[in-house]
Peer 1: 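Below are the C-alpha cells for one structure; questions will follow.
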Amino acid sequence: MKKRSFLLPWILIAGLSILLIGSTFHKALVTSFTHDESFTYNHYVTASLADIFGYTTVSPNNHLLNTLLMKTVACFFGNSAVALRFPNILAHLGFLVFSLLILRKLKPWIILPLFALLNCNPYLMDFFALARGNGLSYCFLLGSIYFLIRYTDHKKYSLYIWSVVFASFGVLSHFTLLYYLLSLIAVANIYPMIQRFITGDSAASGRRMYIRINLVNLAALLILGIIMAGPVHKLVAADQFFYGGESGFWRNTVGTLIETFFYGIGYGAFWWILMKVLVVTVVISTMVLLTYIILKKKSRLFSENTVLFLVFFLLLFAVFINISQFHILGTKLLVRRYGLLFVPMFMLCLGFLLDFLIREMNIKIIPLFFLYLIASAFTIHTFHSFSGTTYLDWDYEKETRNAMAILEKDVKLHGQPGTISLGITWLFEPTVNFYRDTRGLTWLKPVTRDGPAIEAGYYYIVREDMTRIPLRGASPRILLDDGKVLLVKVK
C-alpha cells in the first residue's frame, strides 16, 4: 500500500510531462511558421556568422543563440518548421527536468501540484513550440536557479559557475534574461550576508568566496558585453526597443501576464480579481515571513526555506531593476512575452510558500487543499485553453501554411505560365517568403510589404484589406476564408 502511495504521484507527474511535451511537439509539427520565426530565418539563419553577430539587419528578432541553433539544425536536418523549432522542444524537456530537480527534496505528493503550477501555463507553452529564443531562455533560467540553490546548500564554487553560465546562455537566448542575470549577481552577494546575520554562520559570507564569485560575475559581464555591446547600440540607435509598458509595473507587466495566462478565454472580472489577489497575497506573505525571520533571527525557518527566499529575492531584484530602469532611463516595462521570465520565479514562490504552510501549520489540510485546488485549476485551464493550431501572439498566421499549400495546388492545377505575383497584407511578408524559399516555389515572385494594392494574380490578406485589391473589372474567387484572412484569386 505504501509503495503504491509513493509511486502514484510519480506516475501522474510522468503522465503530465508526456502530455506537456507531446502537446509541444504536436504544435511545432502542425502549425504554420510565424512572422517573427520567418523574419529570423529570412534575415539571419541564411546569413553569415559575421552578419548574425554584427546585426547587419537591425532587429531584436535576432535571438543570438536561437539563431545559431536554427542555422546548425538547418545545415544537418533541413529547414522544415519542426526541425527549426526542435531546439526549443528540447528546451521544454529541459524545463520539465529542471522543474523536478528543483522540487526533488519535497515529498512526492507535494511535488505533483508544484510541478503542475510551474509547468501549466498555455502562453508559456507556446514558446517551446516556436523557433524563438524565449523557450531556450526559460530553460536556462530554471537551470540557473537549480544550480544557485545547490550552490547555496553546498557552497561549491563550481555550482555557482554553472548558475552564471546558464544565466549567460539565457541572455544570449533572449536579452530580457539580463534582468535575471543582474538579479542573480545581486542575490549572490546579498543573500550570504543575510544568512550570516540570521544563522551566525561566518562561512556563509567569507571574503575569499565573495572574491571568487564576483570574478565569475565580472567574467560573464565582460564576455556578454563584448558580444552584445555592438548589437544593443545598433538596436537603441534604430529605436528597436519600442515594445513595452509605460503605465506602471502592476498594470502593464502583471496585468498582461494575467491576460496572456487566460489565453483569450473570457473568464470575467471575478477571475481577474482572484489572480491579482493571489499575486498580492504571495508577495506580501513572503515579505512578512522573511521580515519576521530576519528580525527574530529564526535560523531554522530560514535554513528550511532556502528555495523560497532565494527565488523570492531573485524575483524581487529582477522586478526592481526593471522598474528602476523605467523611471531612471525611460526604457519600457516588460510586458506579455517579454515579462514571462517573472512567471516561473513567481510560481516557485507560490509553491514553496504553500509547502512552508503545510509543514508549519497545525491544520495542514487547509494549505494542502489550496495547493491542490490552484494546481488543478491551472492544469484544467491549460489543457482547456491551449491551442494546437495557433499561437496567442501570432494568431493571424494560423492559415498561412495552409494558404501556401492551396496556392501551390491551384497554380499547378491550372498550369499558369511564368511567375506568379501575390499581393499580401504586410504582416504575411516574412512567412510567405519563408515558404517560398523552403518549398522551392520558384514560380512565385518574392513578396514585399507594399500591401495588397498591387497588380497580382492572387492575394493573401486580412479581411479588412479586401477593399484595397485593385480588381479593375475582374471577378475575385475566394480560395480560403477562415473569417479573418482570405486567399483570393483574381481572374
Side-chain angles (χ1 to χ4, degrees), residues 33-71 84 127 130-137 168-182 221-247 249 252-253 256 318 321-341 391 393-394 396-397 424-434 437 446-451:
F33 230 50
T34 62
H35 181 106
D36 288 24
E37 294 175 289
S38 301
F39 190 96
T40 299
Y41 181 87
N42 297 341
H43 293 277
Y44 294 109
V45 175
T46 56
S48 67
L49 290 177
D51 287 340
I52 291 172
F53 282 99
Y55 275 63
T56 301
T57 300
V58 183
S59 168
N61 274 309
N62 182 17
H63 302 162
L64 279 171
L65 185 58
N66 177 66
T67 300
L68 295 173
L69 289 173
M70 287 176 70
K71 191 175 184 69
L84 295 171
F127 294 95
L130 287 165
R132 311 291 298 128
N134 306 66
L136 295 170
S137 71
S168 300
F169 277 125
V171 175
L172 293 176
S173 300
H174 201 277
F175 285 170
T176 54
L177 259 286
L178 184 59
Y179 290 103
Y180 168 77
L181 176 60
L182 295 176
L221 292 175
L222 283 174
I223 292 170
L224 289 173
I226 291 168
I227 296 171
M228 293 169 51
V232 169
H233 176 73
K234 287 184 177 181
L235 290 168
V236 171
D239 195 27
Q240 288 293 310
F241 293 122
F242 56 83
Y243 187 73
E246 297 179 321
S247 301
F249 185 85
N252 293 143
T253 305
T256 58
I321 292 167
N322 185 218
I323 294 174
S324 299
Q325 192 181 27
F326 169 67
H327 288 291
I328 297 170
L329 301 178
T331 55
K332 302 292 179 69
L333 293 164
L334 299 178
V335 298
R336 295 181 71 90
R337 60 184 180 269
Y338 295 92
L340 261 178
L341 78 155
Y391 300 90
D393 285 352
W394 294 276
Y396 57 86
E397 293 276 27
I424 59 163
T425 300
W426 73 270
L427 283 169
F428 303 121
E429 178 269 319
T431 307
V432 170
N433 280 327
F434 167 78
D437 180 45
V447 298
T448 66
R449 299 196 176 198
D450 294 335

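Not measured: the values here are computed from a predicted model.
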Peer 1: Can you tell me if Phe169 has over 12 outside heavy atoms packed within less than 6.0 Å of its CZ?
Peer 2: no
Peer 1: Rounded to the nearest 0.5 Å, how far does NE2 of His174 lie from CG of Asn134?
Peer 2: 4.0 Å
Peer 1: Table please: side-chain donor-acceptor pairs of residues 49-61 below 3.5 Å, with sequence neighbours left out.
Peer 2:
{"unit_1": "Asp51", "atom_1": "OD1", "unit_2": "Thr56", "atom_2": "OG1", "d": "2.8"}
{"unit_1": "Asp51", "atom_1": "OD2", "unit_2": "Ser48", "atom_2": "OG", "d": "3.3"}
{"unit_1": "Tyr55", "atom_1": "OH", "unit_2": "Asn62", "atom_2": "O", "d": "2.5"}
{"unit_1": "Ser59", "atom_1": "OG", "unit_2": "Asn61", "atom_2": "N", "d": "3.1"}
{"unit_1": "Ser59", "atom_1": "OG", "unit_2": "Asn61", "atom_2": "ND2", "d": "3.4"}
{"unit_1": "Asn61", "atom_1": "OD1", "unit_2": "Arg132", "atom_2": "NH2", "d": "2.8"}

Peer 1: To the nearest 0.5 angstrom, please state how far the OH atom of Tyr41 sits from the CZ atom of Phe434.
Peer 2: 6.5 Å
Peer 1: Report the distance from atom CG of Leu136 to atom CG of Leu172, rounding to the nearest 0.5 Å.
Peer 2: 11.0 Å
Peer 1: Check the side chains of Ser38 and Thr431 for a donor-acceptor pair under 3.5 angstrom, ignoring hydrogens and angles.
Peer 2: yes
Peer 1: With Arg337 as the cation and Tyr243 as the aromatic partner, state whether NZ or CZ is under 6.0 Å from the six-membered ring centre and within 45° of the axis.
Peer 2: yes
Peer 1: Looking at side-chain heavy atoms only, is the closest gap between Asp36 and Thr40 below 4.5 Å?
Peer 2: no
Peer 1: Tell me, please, which residues at least two apart from Phe428 pass ring-ring contact (aromatic ring centres under 6.0 Å, His included).
Peer 2: Tyr460
Peer 1: Are Ile223 and Ile227 close enough that some pair of their side-chain heavy atoms sits under 4.5 Å apart?
Peer 2: yes
Peer 1: State the CG-CG distance between Leu182 and Asn322, to the nearest 0.5 angstrom.
Peer 2: 11.0 Å
Peer 1: Going by the rule salt bridge (charged side-chain N to carboxylate O under 4.0 Å, His left out), which residues pair with Glu37 if we only count those two or more places apart in sequence or in a different chain?
Peer 2: Arg85
Peer 1: Does Asn252 reach the main-chain N or O of Val335 with its side chain, forming a donor-acceptor pair under 3.5 Å?
Peer 2: no
Peer 1: So do His35 and Tyr396 actually touch side chain to side chain, heavy atoms under 4.5 Å?
Peer 2: yes
